[in-house]
Amino acid sequence: MKPTKKVLPRPYFNRPTVEVARSLIGKYLVREIDGRVLAGKIVEVEAYVGPEDKACHASKGRTQRTDVMFGPAGVAYVYLIYGMYHCLNVVTEREEFPSAVLIRAIEIDGELTDGPGRLCRALQIDRRLNRADLTTGESIWFEDRGVALKRGDVSAFPRIGVEYAGEWAQKPWRFRLCRITPSTRAGRTKKQGVPD
DNA sequence: TATTTGATTCTT
DNA sequence: AGAATCAAATAT
């Protein structure tokens, strides 16, 4: 029986951002370029949650740049950072509640592509994909390929590069796929109050 | 209109 | 520790 590709639909993203972020770990980001398909297993993401979150670009208000985050879920927010690197986000939650999940790292054929800038370079993502619908299964989309994660496979950490955000910088809204070993388990003493 | 900044990465 | 490099945000 031919396997069906399970493209994550809009309702998947129209949920609390932290839940979406955590659940995206182990899903696949798929990019089709000139008929060639690249698929990467998502291993690291960050949640940016609404107008109160000082680390979220939209906390400064609705501007031309942040407008997309106020729109429907399942749409791409792609921006240029430090003059050279692009960052890919997927918009989450209801309209008018600006929030998104930043895709930080993926594994392509077992090779780690670590960092939002390098990830976008590998998948040829730039601002032309800003506002692209990520739920159509064309050009770029998310897929559930049935990776089963056990409890404890995903760990939470503070977000990176947001020191300016004060108390919001400490929120454990960065999620990473971790292979739990006795040594790493010993270091994971704090639960950080993140929902399963 | 001018200056500063930044959800990064790479080199020194 | 600092450079690269620029669009968007902020100050003027």
(request) For Trp168(A) and Gln170(A), test the side chains for any donor-to-acceptor distance below 3.5 angstrom and give the result as yes or no. (result)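 Judged by distance alone, the side chains do not pair up.
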(message) Can a side-chain donor-acceptor contact be found between Thr113(A) and Arg121(A) if the only test is distance below 3.5 angstrom?
(response) no
(request) If dT5(C) has a Watson-Crick or G-U wobble mate with both distances under 3.5 Å, name it; if not, just say none. (result) none
(message) Could you tell me how far dA2(B) sits from dT5(C) if I compare only their P atoms? Round to whole Å.
(response)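 Rounded to whole Å, the distance is 22 Å.
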Measure from [atom1] on [X] to [atom2] on [N] and round the result to the nearest Å.
X	N	atom1	atom2	answer
Met69(A)	dA8(C)	CE	P	13 Å
Arg174(A)	dT8(B)	CZ	C1'	13 Å
Asn130(A)	dA7(C)	CG	C1'	12 Å
Asp67(A)	dA9(C)	CG	P	11 Å
Ile81(A)	dA9(C)	CD1	C1'	12 Å
Tyr77(A)	dG6(B)	OH	C1'	11 Å
His57(A)	dA7(C)	NE2	P	16 Å
His86(A)	dT9(B)	NE2	P	13 Å

Can you tell which of [options] lies closest to the side chain of [X]?
X	options	result
Met84(A)	dA8(C), dT5(C), dT8(B)	dT5(C)
Tyr82(A)	dT8(B), dA7(B), dC6(C)	dT8(B)
Thr63(A)	dA9(C), dC10(B), dA7(B)	dA9(C)
Arg65(A)	dT9(B), dA7(B), dT5(C)	dA7(B)

Check the phosphate of [N] against [X], side-chain N and O only, distance under 4.0 Å to OP1 or OP2. Yes or no?
X	N	value
Lys60(A)	dT10(C)	yes
Tyr164(A)	dA7(B)	yes
Arg104(A)	dT8(B)	yes

(message) Please classify the nucleic acid contact of Arg121(A) as base, sugar-phosphate, or nothing, using heavy-atom distances under 4.0 Å.
(response) sugar-phosphate
(request) Assign Arg159(A) to base, sugar-phosphate, or nothing according to its heavy-atom contacts below 4.0 angstrom with the strands shown. (result) nothing
(request) Indicate, yes or no, whether a donor-acceptor pair under 3.5 Å links the base of dA7(B) to the side chain of Tyr79(A). (result) yes
(request) Indicate the atoms forming the closest heavy-atom contact of Ile33(A) with Leu123(A), along with that distance. (result) CD1-O, 3.7 Å
(message) Can you tell me how the ring of Tyr77(A) sits relative to the ring of His57(A), calling it parallel under 30°, perpendicular over 60° and tilted otherwise?
(response) perpendicular
(message) Pair Glu32(A), Ser139(A) - check side chain to side chain donor-acceptor pair (under 3.5 Å), show working.
(response) CA-CA 5 Å; Glu32(A) 187 170 333; Ser139(A) 184; over 6 Å; no
